[in-house]
Amino acid sequence: MASLEGRVAIVTGAASGIGRAAAVSLAAEGASVLATDLDEAGAKDTATLITGSGGTAHAAVQDVTDEARWDAIMGLCRTELGAASILVNNAGIAIGGAIMEFSLADWKKQMSVNLDSVFLGTRAAMREMQKTGGSIINISSVAGLRGSANLGAYCASKGGVRLFTKAAAVECARLGLPIRVNSVHPGIIDTPIWQKSITGMMDGLPAEQVEAMQLQAGANAISAEAIALASTPMGRAGRPDEVANLIVFLASDASSYITGQEHVVDGAMMA
Ligand SMILES: NC(=O)c1ccc[n+]([C@@H]2O[C@H](COP(=O)([O-])OP(=O)(O)OC[C@H]3O[C@@H](n4cnc5c(N)ncnc54)[C@H](O)[C@@H]3O)[C@@H](O)[C@H]2O)c1
């Protein structure tokens with residue numbers, strides 16, 4: 001029997017990259033998946049990918065920073081698929097830029113999408129799962145474990161995800177709630193985030209570093225593969241499904257005694 005048969009999962013940011021791979025992999029293990037995203041067409045495509053291979057999925061529009069929408073999403077999930085027992089707080093953006101030039105508006109946007117969302121999702125999931133149990137998986141980053149130039153706000157948001165995850169795990173355990181909470185810290189994973197949101201990451205860096213990261217044709221586009229080559233001992237970027245495999249493990253009962261931990265999937269970048 002697949003490890004997640006009969007379970008219901010919500011994955012945020014499921015239209016793309018790691019979120020889509022997590023949704024597909026959870027479904028392949030038998031979970032019914034509610035794929036949510038700002039990008040409605042992308043979330044629907046993810047659901048279609050799953051149903052097309054015999055799985056069960058539903059798509060919904062969700063802005064993870066919208067407090068009221070979280071209640072609606074839990075309700076929608078109950079109606080369409082059953083009560084959620086897995087939540088992957090994956091949606092995120094990366095706003096690069098030197099601290100001295102960084103605006104408070106961008107700082108607040110970064111925190112709202114990457115950290116407020118994880119609080120809102122975890123709170124909603126704890127309320128939903130407090131009797132029936134579940135697993136909450138918060139996607140942080142290696143940037144939540146160490147600093148990077150021109151990524152101060154992103155690092156702060158992902159560091160916040162790391163420690164909030166631990167606090168939530170301890171609180172669930174102390175309250176006797178059958179809910180585990182873990183964070184996942186990907187290294188350089190080849191997803192569209194490198195092309196769309198990491199702008200300003202190179203501003204002010206020495207020319208040789210910028211060159212090493214090989215800006216692709218087109219302003220502010222960055223090659224994940226080139227960055228991985230420069231920074232990752234395995235010498236390549238990770239694939240979204242390699243992160244999804246870890247997410248499936250943390251969602252399943254195979255990880256029943258693992259909570260409050262940070263799980264790195266990075267080709268030895270942090271080793
Ligand atoms: N790709 C990497 O190298 C890498 C490394 C470490 C951590 N991460 C983290 O992994 C997660 C997924 O990133 P990815 O690389 O798959 O990026 P991606 O850009 O491919 O996917 C992110 C998804 O989040 C959605 N999203 C953005 N803001 C949203 C909002 N307010 N509400 C709902 N959805 C929203 C986007 O529409 C998109 O579909 C992010 O939290 C990211 O910070 C990625």
Side-chain angles (χ1 to χ4, degrees), residues 10-25 34-47 59-70 72-73 87-96 108-121 137-146 148 151 153-162 165 183-199 201 213 221-229 231-232 236-244 246-247 262-267 269-270:
I10 298 173
V11 181
T12 70
S16 176
I18 294 168
R20 172 171 286 175
V24 167
S25 296
L34 180 61
T36 85
D37 204 293
L38 274 179
D39 170 2
E40 183 174 18
K44 281 186 173 157
D45 286 349
T46 299
V61 181
Q62 179 187 21
D63 178 346
V64 288
T65 68
D66 179 342
E67 182 174 11
R69 185 67 179 146
W70 272 104
I73 286 291
L87 171 65
V88 186
N89 279 314
N90 164 78
I93 58 172
I95 308 175
K108 286 184 172 168
K109 184 171 186 202
Q110 184 66 92
M111 292 304 156
S112 170
V113 176
N114 286 15
L115 185 55
D116 294 4
S117 64
V118 171
F119 157 65
L120 291 172
I137 298 146
N138 296 328
I139 309 305
S140 177
S141 169
V142 290
L145 301 171
R146 72 174 199 194
S148 282
L151 273 180
Y154 183 75
C155 288
S157 73
K158 292 301 189 179
V161 170
R162 170 181 175 267
T165 298
S183 58
V184 166
H185 300 254
I188 310 298
I189 311 300
D190 195 2
T191 75
I193 202 171
W194 293 98
Q195 275 72 51
K196 63 187 176 194
S197 19
I198 300 191
T199 53
M201 202 176 139
M213 292 179 186
I222 299 166
S223 157
E225 208 50 67
I227 294 178
L229 196 60
S231 63
T232 303
R236 66 168 177 87
R239 299 186 310 273
D241 64 283
E242 292 176 309
V243 182
L246 176 58
I247 293 169
E262 56 205 50
H263 306 269
V264 180
V265 46
D266 72 345
M269 192 181 181
M270 293 296 299

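In this text the structure is predicted, and so the values were computed from the model without any measurement. Remember, it's 1-based here, ligands and their atoms both numbered in the order they're listed.
Contact annotation: Pro240 has no heavy atom less than 4.0 Å from any atom of ligand 1. Ligand 1 lies within reach of Gly187, whose nearest heavy atom is under 4.0 Å from it. At least one heavy atom of Ile188 sits under 4.0 Å from some atom of ligand 1. Look at Ala94 and you'll find every heavy atom at least 4.0 Å from all atoms of ligand 1. Residue-ligand proximity: Lys158 is placed with a non-hydrogen atom under 4.0 Å from ligand 1.
For ligand 1, the atoms closer than 4.0 angstrom to any heavy atom of Ala15 are 39 (O). In the vicinity of Gln62, heavy-atom distances shorter than 4.0 Å reach the ligand 1 atoms 32 (N), 33 (C). Near Gly13, the atoms of ligand 1 lying under 4.0 angstrom from a non-hydrogen atom of the residue are 23 (C), 24 (O), 25 (C). If you number the atoms of ligand 1 from 1 as listed, the ones under 4.0 Å from a heavy atom of Tyr154 come out as 6 (C), 7 (C), 8 (N), 9 (C), 42 (C), 43 (O). If you number the atoms of ligand 1 from 1 as listed, the ones under 4.0 Å from a heavy atom of Ile139 come out as 9 (C), 10 (O), 11 (C). When each atom of ligand 1 is checked for a heavy atom of Trp194 under 4.0 Å away, the hits are 1 (N), 2 (C), 3 (O). Residue-ligand proximity, Asp63 to ligand 1, at heavy-atom distances under 4.0 Å covers atoms 30 (C), 31 (N), 32 (N). Near Ile18, the atoms of ligand 1 lying under 4.0 angstrom from a non-hydrogen atom of the residue are 10 (O), 16 (O), 44 (C).
Of the possible polar contacts, one joining the Asn90 side chain to the Gly13 backbone as a donor-acceptor pair under 3.5 Å is found. Listed for the Asn138 side chain is no donor-acceptor partner under 3.5 Å among the backbone atoms of Ser183. For the pair Thr12 (side chain) and Ala91 (backbone), a donor-acceptor distance under 3.5 Å is present. Although no hydrogens or angles enter the test, the distance criterion places no donor-acceptor pair under 3.5 Å between the side chain of Asp190 and the main chain of Pro240. Counting only distance, with no hydrogens or angles, the side chain of Asp63 and the backbone of Leu38 share no donor-acceptor pair below 3.5 Å. Ser140 places a side-chain N or O within donor-acceptor distance of the main-chain N or O of Lys158, the cut-off being under 3.5 Å.
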Q. Between Leu145 and Arg162, does a side chain to side chain contact (heavy atoms under 4.5 Å, CB included) hold up when you go through it step by step?
A. CA-CA 8 Å; Leu145 301 171; Arg162 170 181 175 267; 3.6 Å; yes

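Here the side chains of Ile139 and Pro186 are in contact, with some heavy-atom distance below 4.5 Å.
Here Glu40 pairs with Lys44 under the salt bridge (charged side-chain N to carboxylate O under 4.0 Å, His left out) rule; sequence neighbours left out.
Across the listed options Ile193, Asp266, Asp39, Ile193 owns the non-hydrogen atom lying nearest to atom 13 (O) of ligand 1. Remark: among candidates Gly42, Ala91, Ala35, the nearest residue to atom 26 (N) of ligand 1 is Ala91, based on non-hydrogen atoms.
For a threshold of 3.5 Å applied to N or O pairs, the pair formed by Ile189 and ligand 1 contains at least one separation below that value. On a distance-only criterion, Gly19 and ligand 1 share no N/O pair closer than 3.5 Å. Looking at Asn114 next to ligand 1, no N or O pair under 3.5 Å apart turns up.
Atom-to-atom distance recorded for Thr232:OG1 and Glu225:CD is 9.0 Å, nearest 0.5 angstrom. Between the CZ atom of Arg20 and the OG1 atom of Thr46 there is a distance of 3.5 Å, given to the nearest 0.5 Å.
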